[in-house]
Colleague: 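To start, I am sharing the structure in question, which I have written as structure tokens.
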Amino acid sequence: MPAQPSDAAERARVDEIRADFARFARDYANLPLYRAICLGLADDSEAAALLLDAQPGQARPVLLLAALHDLVLRRPDLPAARWYASVVGPEGVASGDPWPDVRATIRANRDDLRRTIATRRTQTNEVNRAVYVAVGLALASRDVPSRPALLVELGASAGLLLAVDRYRVELHRRGVALVVGDPASPVVCHGEDRSPGPLPDLALPRIIGRVGLDLAPVDLGDETAVRWLEACLWPDVPGRVERFRAALAMVRADPPTLRAGDMVDDLAATVEQALARTGSSDGSAGHLLVFSSWALTYVRRERRAELAARLAQVAGSFAAVSWVTAEPLGCVPGLPVPKAGALAADSTVLGARRWRHGREVPAEVWGTCHPHGEWIALGRAALGGIR
Ligand SMILES: C[S@@+](CC[C@H](N)C(=O)[O-])C[C@H]1O[C@@H](n2cnc3c(N)ncnc32)[C@H](O)[C@@H]1O
């Protein structure tokens, strides 16, 4: 009997999913665990089909990988757990081929994985992005170094980047590290400085308040939500999970205010709330330091311009307003655009729009960086010129 059309469509969809896993294994061949799992899934229709239950637009390899990671974080007794550095520690990871254990774990926990896949979306709050956030905030404050800064993050997730000044941020160049932030911090972020010229002075301003705005903020008191955030990290990137856990411990003890809302519609109310938190309703002496990192890119293009207009509206209430952005190429309206072709496709462009005493000053693009802060390159030469 010929297959039902829906069966044929489903099989074709599973074939696409398997091809996505094969591509992931090729693209991330340097990740031993995730490469082996993805090669296994590329060859296992039954396991790959779990992604059919994902919400629309979410059936990506990273969702199944995160669901599995979440499962072993909850159930360290499962056979797959011994392959995860996040569960057994980097020294305890088994050697050989993880796929037989992972396949057995998937088969025995299909319903559990299906539930996670059907209800979750991947979520990030990458602590090492503090490398470029620290640089951006320091550069935006250069002309107003002594004004106390009120920090507002748009698309803050769990708000871990709002503690940027409490981390030790190291910028490495030829064996020497320039340190920004708190040198004694247990949270260490690092990136390579690939700037063609010397770095400018990078001093962070004094921060007097921190508020994060997100469509779906992650409550640091919610164990399940925090575990999911951790599960979305890739366990075989050395140091990434450890850094996340250290930041979590620090930020939980003194968390920023997180607000649920849209970064365009709720911007003004968030700024007001941030100001009220400082015990003042008057920002005329302060620096409103707004930043977004890999968040504006999720907002529709026409809404992005509206965000800039709303910032211009609040600019009249502060001595200084800066909007520091670390977003993909061409994402931020009003920012000069580096010459096409000069940058890697996944480059993050660091720049800012700024208002001083209510008037906008020329926008600046400072450089480019790795999307997780693994390197940074400042200066026009690093951008290949401006269009
Ligand atoms: C990729 S995460 C980046 C999180 C964090 N900025 C970082 O760099 O680690 C993007 C975040 O933006 C949030 N987001 C997307 N659209 C938004 C909007 N219109 N308003 C507020 N937050 C939004 C998402 O919920 C998510 O937490």
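We count ligands from 1, going down the list as the structure has it; atoms in each ligand are counted the same way. Bear in mind the structure is a predicted one, so any value in this text is a computation, not a measurement. Heavy atoms only: backbone and side chains are in, while hydrogens, waters and symmetry mates are out. In this chain, residues are counted from 1 in sequence order.
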Colleague: Between E153 and R210, is the closest basic N to carboxylate O distance under 4.0 Å?
Modeller: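 Salt bridge absent between R210 and E153.
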
Colleague: Before accepting this row, confirm whether a basic side-chain N of the pair R227/E223 lies closer than 4.0 Å to the acidic partner's carboxylate O.
Modeller: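 Judged by the 4.0 Å cut-off on N to carboxylate O distance, R227 and E223 do not form a salt bridge.
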
Colleague: Report yes if some N/O of Y132 lies less than 3.5 Å from some N/O of ligand 1; otherwise report no.
Modeller: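 N/O-N/O distance below 3.5 Å does not exist for this pair.
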
Colleague: Please identify which atoms of ligand 1 are closer than 4.0 Å to at least one heavy atom of A295.
Modeller: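 Listed by number with element: 12 (O).
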
Colleague: How long is the straight-line distance from CG of L258 back to CG of L162, given to the nearest 0.5 Å?
Modeller: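 Result: 7.0 Å between the selected atoms.
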
Colleague: Under 4.0 Å from a heavy atom of V299: which atoms of ligand 1 are those, numbered in the order shown and with their elements?
Modeller: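 Matching atoms, with element in brackets: 19 (N).
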
Colleague: Quick test: of every protein heavy atom, which one is nearest to atom 20 (N) of ligand 1, and how far off is it to 0.1 Å?
Modeller: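 Sorting protein heavy atoms by distance from atom 20 (N) of ligand 1 puts M263 N, 2.9 Å first.
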
Colleague: Do any N/O atoms on D262 end up under 3.5 angstrom from N/O atoms on ligand 1?
Modeller: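 There is such a contact, yes.
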
Colleague: Closer than 4.0 angstrom, basic N to acidic O: yes or no for R13 and E10?
Modeller: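 Here R13 does not pair with E10 in a salt bridge, since their nearest N and O are not under 4.0 Å apart.
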
Colleague: Counting non-hydrogen protein atoms only, what is the nearest one to atom 2 (S) of ligand 1? Give residue, atom name and distance.
Modeller: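 Result: T124 OG1, 3.6 Å.
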
Colleague: May I ask you to identify, for R129, whether its side chain, its backbone, both or neither come under 4.0 Å of ligand 1 on a heavy-atom basis?
Modeller: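 Side chain only.
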
Colleague: Do other residues, nucleotides or ligands put more than 12 heavy atoms under 6.0 Å from the CG atom of D201?
Modeller: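 For D201, atom CG is not crowded (no more than 12 foreign heavy atoms under 6.0 Å).
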
Colleague: Over 60° means perpendicular and under 30° means parallel, so classify the ring planes of H172 and H190, tilted if in between.
Modeller: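 Because their plane-to-plane angle is over 60°, the rings of H190 and H172 count as perpendicular.
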
Colleague: With a cut-off of 4.0 Å, which atoms of ligand 1 are near a heavy atom of Q123?
Modeller: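 Checking each atom against Q123, I get 26 (C), 27 (O).
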
Colleague: In Å, rounded to the nearest 0.5 Å, how long is the span from CG of D43 to CZ of F21?
Modeller: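 One finds 12.5 Å between CG of D43 and CZ of F21.
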
Colleague: Over 60° means perpendicular and under 30° means parallel, so classify the ring planes of F24 and Y28, tilted if in between.
Modeller: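 Ring orientation, 0 to 90° scale: tilted.
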
Colleague: Under 4.0 angstrom from ligand 1, any heavy atom of R303?
Modeller: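 No heavy atom of R303 comes that close to ligand 1.
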
Colleague: Quick one: does L213 get an N or O within less than 3.5 Å of an N or O on ligand 1?
Modeller: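 Not met; the criterion fails.
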
Colleague: May I ask you to check whether over 12 heavy atoms, not counting those of R252, lie within 6.0 Å of atom CZ?
Modeller: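 More than 12 heavy atoms, drawn from other residues, nucleotides or ligands, come within 6.0 Å of this atom.
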
Colleague: Could you identify the single nearest non-hydrogen protein atom to atom 27 (O) of ligand 1 and state the distance to 0.1 Å?
Modeller: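 Going by distance alone, atom 27 (O) of ligand 1 is nearest to D214 OD2, 2.6 Å.
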
Colleague: Give the residue, atom name and distance (to 0.1 Å) of the protein heavy atom nearest atom 9 (O) of ligand 1.
Modeller: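 Nearest neighbour among protein heavy atoms for atom 9 (O) of ligand 1, to 0.1 Å: E126 N, 2.9 Å.
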
Colleague: Going from NE2 on H287 to OG on S141, what distance comes out if it is rounded to the nearest 0.5 angstrom?
Modeller: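 That separation rounds to 5.0 Å.
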
Colleague: Please list the nearest protein heavy atom to atom 10 (C) of ligand 1 with its residue and the distance rounded to 0.1 Å.
Modeller: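 The protein heavy atom lying closest is W294 O, 3.3 Å.
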
Colleague: Has R310 got a side-chain atom pairing as donor or acceptor with V264's backbone, closer than 3.5 angstrom?
Modeller: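 A pair under 3.5 Å: yes.
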
Colleague: Relative to the heavy atoms of E153, which atoms of ligand 1 are at a distance of less than 4.0 Å?
Modeller: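 Listed by number with element: 5 (C), 6 (N).
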
Colleague: Please confirm whether G155 comes within less than 3.5 Å of ligand 1 when only nitrogen or oxygen atoms on both sides are compared.
Modeller: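 Checking ligand 1 against G155, an N or O pair does fall under 3.5 Å apart.
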
Colleague: Quick one: does P217 get a heavy atom under 4.0 Å from ligand 1?
Modeller: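 No; P217 lies far enough from ligand 1 that no heavy-atom distance drops under 4.0 Å.
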
Colleague: Looking at ligand 1, does any of its N/O atoms fall within less than 3.5 Å of an N/O of Y298?
Modeller: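 N/O-N/O distance below 3.5 Å does not exist for this pair.
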
Colleague: Distance under 4.0 Å to a non-hydrogen atom of G261: what atoms of ligand 1 satisfy this?
Modeller: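 What qualifies from ligand 1 is 20 (N), 21 (C).
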
Colleague: Determine whether a donor-acceptor pair (N or O, by modelled atom type, separation under 3.5 Å) exists between the side chain of D236 and the backbone of L33.
Modeller: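 Looks like yes, one N/O pair under 3.5 Å.
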
Colleague: N/O to N/O below 3.5 Å, does that happen between L215 and ligand 1?
Modeller: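 Yes: some nitrogen or oxygen of L215 is under 3.5 Å from one in ligand 1.
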
Colleague: Show the atoms of ligand 1 that are less than 4.0 angstrom away from any heavy atom in S157.
Modeller: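 Contacts of ligand 1 toward S157, numbered from 1: 4 (C), 27 (O).
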
Colleague: Classify the contact between L161 and ligand 1 as side chain, backbone, both or neither, using a heavy-atom distance cut-off of under 4.0 Å.
Modeller: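 Just the side chain.
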
Colleague: Could you tell me whether the side chain of R120 and the main chain of A67 form a donor-acceptor pair under 3.5 Å?
Modeller: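 No; judged by distance alone, with no hydrogens or angles, the pair does not exist.
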
